Each structure stands twice: as C-alpha cells, then as structure tokens.
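Reading through the structure tokens given below for one structure.
The structure presented is a predicted model; accordingly, all values stated were derived computationally and were not measured.
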Amino acid sequence: MKIAFVGKGGSGKTTLSSLFIRHLAAEGAPVVAVDADINQHLGAALGLDEAEAAALPAMGEHLRLIKDHLRGANPRIASADTMIKTTPPGEGSRLLRVQEDNPVYDACARPVELDGGAVRLMVTGPFTDADLGVACYHSKTGAVELCLNHLVDGPGEYVVVDMTAGSDSFASGMFTRFDMTFLVAEPTRKGVSVYRQYKEYARDFGVALKVVGNKVQGPDDLDFLRAEVGDDLLVTVGHSDWVRAMEKGRPPRFAALEDSNRLALRTLREAADATYERRDWERYTRQMVQFHLKNAQSWGNERTGADLAAQIDPGFVLGESVTAGA
C-alpha cells in the first residue's frame, strides 16, 4: 500500500508518519519509508542521530542510476537522458518491488532498525546552498515520482512517504500515486486550510483522503475539526509523553506508546488496508500518462529534444501481475 502524509508545516505530519512507520515495523510489515519533504526530518524522527541522518544518500544524486535501471529494455525510451520524472513504465521496463533487492535500493536506501524490525529509508536529500536561487525543490522529488511510477506493491506491503508541507505536492502528479493520503491537521483555521486546498485539488482524481487531527486537547478541539472536515476526520491524536521523549532523543520502547495513540495508529493501518479492494490499476496508469503528457508539452520535450509522448505504451497497464523487464 502506498501511503502519503501531508499537512501544514508544523502540523506534526513527520512525527505521525514516523509513528505509523514504527507501528508497521512493530507488526512485522515490510516498509519502505521515503522522506520527500523539503525539511529532512524523517530520519531523525525514526531515531537516527544527526550524523547518521546527514549520511543518508540523496535519491537525486543517483538519478542517472535510477533511470538506467528503470528503463530496462523498454524500446520506447531511447536513452536515460530522455526520461523525466513522469516517464511511465512500459513493456520491457524494470519495476520496483517493496521486498526485493535491486540497484536502486542498494544506492538510495538504508536500513533503519526499529522495535520489532527494520525498514528501508530513502530520502530526496536536503535543499543545499548550491540550489538556492537556481533550483525548484520539486527537482529533488522527481526521483521519488519516477520510482513510484515504476513501483508494484501488494497487500501487507507499505511505502510511506512524508510529503512536502502545504499544497506544494500539487506541483507534480505525485499526489495521485497513493492508495491513501493522511492529512494531518491541527484544530485551528490555519490547520484546516491545507485540508480545503487538498480536498479541492484532489476531487477530480479519485484521491482517498482522510484527516488525522493532531494536538487535540479536548472536546472543543474535536468539535471544531468535526465541523470543518466532517466525515473525512478519521481519528485524533492528543498529547504524548512518548513523543516528547522521542523528540528529546530518548524514546522508550515503542510498546510503551500510550494505548490511545496505539489504537489511532491501528485505525490508520486499517483505513489504508481497506483501500486495497478499491485499487484501479487502469485509472492509476491513465493518470500517470496524463501527467506525463502535460509535463512533456510544458517543458519535457524542449529540455530533452525528444517527443516524450512516444514513450507511452498504449497497451501497458501497471499491476501486480506485470513482470519486470530484463
């Protein structure tokens, strides 16, 4: 299952995504965790110290390797140089699986030991001084989008992405790549403003969206969120001594997390798992193609000097039964 955590900056989405990842690992589920936020904090939230987090390989720095691997023997892609972030797979492309070993994971993923198991962590990499004034952060997340386009995951497998804050996610088609999107919202007017934007933008794309109320301190906060987001409110999370200890770098065993918060995480997993029966791989592939054509026409064709519409394999539908190319 592909799951995104989004929300306003400071809403607690990285903390909640890290708790969800820990919950999955504690239950023995295979997990690929991806930090796609401009502020790279997921590694630290998963217990890495500053040096360990800084040493994580940036996906963008291995973009050529990623393209070479995913291209495989696809005859519609002339070279890796003509691949862009939205290039869809086709006959002969190599696909990514959650539990396999492959050159992309070897270069870009690192194991993180958690209570009950380990997860693979991948990061886009931080926005550096060299990027200031000359680069858009979405150039960093292009590697994530390309990998998601070529990813085939099954039930009981999880890819959890901590997305960039606010509505910036809509600057690419990546917001349509998920089975479930959890929007973390505080019980404030600013806290629910991103929800309204996300709900409006995602309306026409079949995006499954549920709200996680965070920093909820009493009935008034709960009533406010219910009034603002209605049935989209899935669960709320309140104060956590465990999280406070984690933020100080001294987390206790995950089993010590408060019962109410453990129940909330279980509810998130159940909601994500329930989307499996509603998967529509044809729609998923069609949206992938739609965003590829938009990007090709607006900048891709000019930048690569190629007609990127020719990369589309009209008979190809991504799905669990598809086998990877050689």
Side-chain angles (χ1 to χ4, degrees), residues 1-7 11-37 42 45-46 96-99 112 114-122 144-145 147-149 151-164 169 173-185 194-195 198-199 202-203 205-214 225 229-237 254 257 260-281 283-284 287 318-320:
M1 310 304 296
K2 295 179 285 290
I3 299 161
F5 279 81
V6 300
S11 63
K13 68 177 181 63
T14 297
T15 297
L16 280 168
S17 62
S18 72
L19 289 175
F20 186 63
I21 291 165
R22 288 176 184 269
H23 170 73
L24 295 174
E27 295 195 345
V31 181
V32 175
V34 183
D35 192 344
D37 193 356
L42 184 58
L46 291 174
L96 300 177
R97 307 273 176 170
V98 172
Q99 300 186 66
V112 177
L114 300 172
D115 293 354
V119 302
R120 280 172 164 153
L121 174 60
M122 305 172 72
V144 179
E145 186 169 358
C147 286
L148 289 176
N149 280 357
L151 177 71
V152 178
D153 56 307
E157 299 176 332
Y158 298 88
V159 177
V160 181
V161 182
D162 182 19
M163 297 281 278
T164 189
S169 303
M174 195 158 63
F175 75 96
T176 66
R177 303 295 84 199
F178 301 102
D179 297 291
M180 172 61 75
T181 296
F182 292 126
L183 191 146
V184 182
V194 174
Y195 160 76
Y198 229 98
K199 183 77 170 179
R203 190 183 309 276
F205 294 94
V207 173
L209 178 67
K210 288 295 181 181
V211 174
V212 181
N214 193 27
L225 285 173
V229 308
D231 292 339
D232 285 338
L233 181 62
L234 177 66
V235 71
T236 62
V237 179
F254 189 63
L257 183 70
S260 60
N261 290 328
R262 293 174 65 85
L263 178 60
L265 295 174
R266 190 175 303 120
T267 300
L268 297 187
R269 182 176 183 178
E270 290 171 353
D273 288 346
T275 65
Y276 180 77
E277 297 300 326
R278 302 194 296 272
R279 273 190 166 183
D280 185 345
W281 285 105
R283 176 175 62 83
Y284 187 86
Q287 289 177 344
L318 191 64
E320 292 175 54

Ser11 vs Asn214, side-chain contact (heavy atoms from CB on, under 4.5 Å): CA-CA, chis, key distance, verdict | CA-CA 7 Å; Ser11 63; Asn214 193 27; 5.8 Å; no
Nearest heavy atoms of [X] and [Y], plus distance in Å:
X: Leu234; Y: Leu268; answer: CD2-CD2, 3.6 Å
X: Gly12; Y: Val184; answer: C-CG1, 4.1 Å
X: Arg22; Y: Leu46; answer: NH2-C, 3.3 Å
X: Ile3; Y: Ala272; answer: CD1-CB, 3.6 Å
X: Gly154; Y: Glu320; answer: CA-OE1, 3.7 Å
X: Leu209; Y: Leu183; answer: CD1-CB, 3.9 Å

Rounded to the nearest 0.5 Å, how far apart are [atom1] of [X] and [atom2] of [Y]?
X: Leu121; Y: Ser18; atom1: CG; atom2: OG; value: 11.0 Å
X: Leu16; Y: Phe182; atom1: CG; atom2: CZ; value: 10.5 Å
X: Arg262; Y: Leu19; atom1: CZ; atom2: CG; value: 11.0 Å
X: Asp232; Y: Leu225; atom1: CG; atom2: CG; value: 12.0 Å
X: Glu27; Y: Leu265; atom1: CD; atom2: CG; value: 9.5 Å
X: Asp115; Y: Leu257; atom1: CG; atom2: CG; value: 10.5 Å

Just to verify, what does [X] make a side chain to side chain contact (heavy atoms under 4.5 Å, CB included) with, not counting sequence neighbours?
X: Arg203; value: Lys199, Glu200
X: Arg120; value: Val32, Asp101, Tyr105, Ala109
X: Asp231; value: none
X: Asp162; value: Lys13, Thr14, Ser17, Asp35, Asp37, Leu42

Pairs where residues 151-160 contributes a residue and the test salt bridge (charged side-chain N to carboxylate O under 4.0 Å, His left out) is met, not counting sequence neighbours =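 Found Lys2-Asp153, Asp153-Arg279.
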Just do the side-chain contact (heavy atoms from CB on, under 4.5 Å) check on Leu114 and Phe254 with the steps written out, would you?
-> CA-CA 9 Å; Leu114 300 172; Phe254 189 63; over 6 Å; no
Mind checking what makes ring pair (Phe, Tyr, Trp, His ring centres under 6.0 Å) contact with [X], not counting sequence neighbours?
X: Phe20; result: Phe5
X: Phe205; result: Phe175, Phe291
X: Tyr195; result: none
X: Phe178; result: none

Check the pair Tyr158 / Asp273 against side-chain hydrogen bond (donor to acceptor under 3.5 Å, both in side chains), numbers first and verdict last.
-> CA-CA 10 Å; Tyr158 298 88; Asp273 288 346; 2.6 Å; yes
Flag side-chain contact, heavy atom, 4.5 Å: Met180 against Met1 =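 The answer is no, as the side chains (C-beta and beyond) never meet within the 4.5 Å cut-off.
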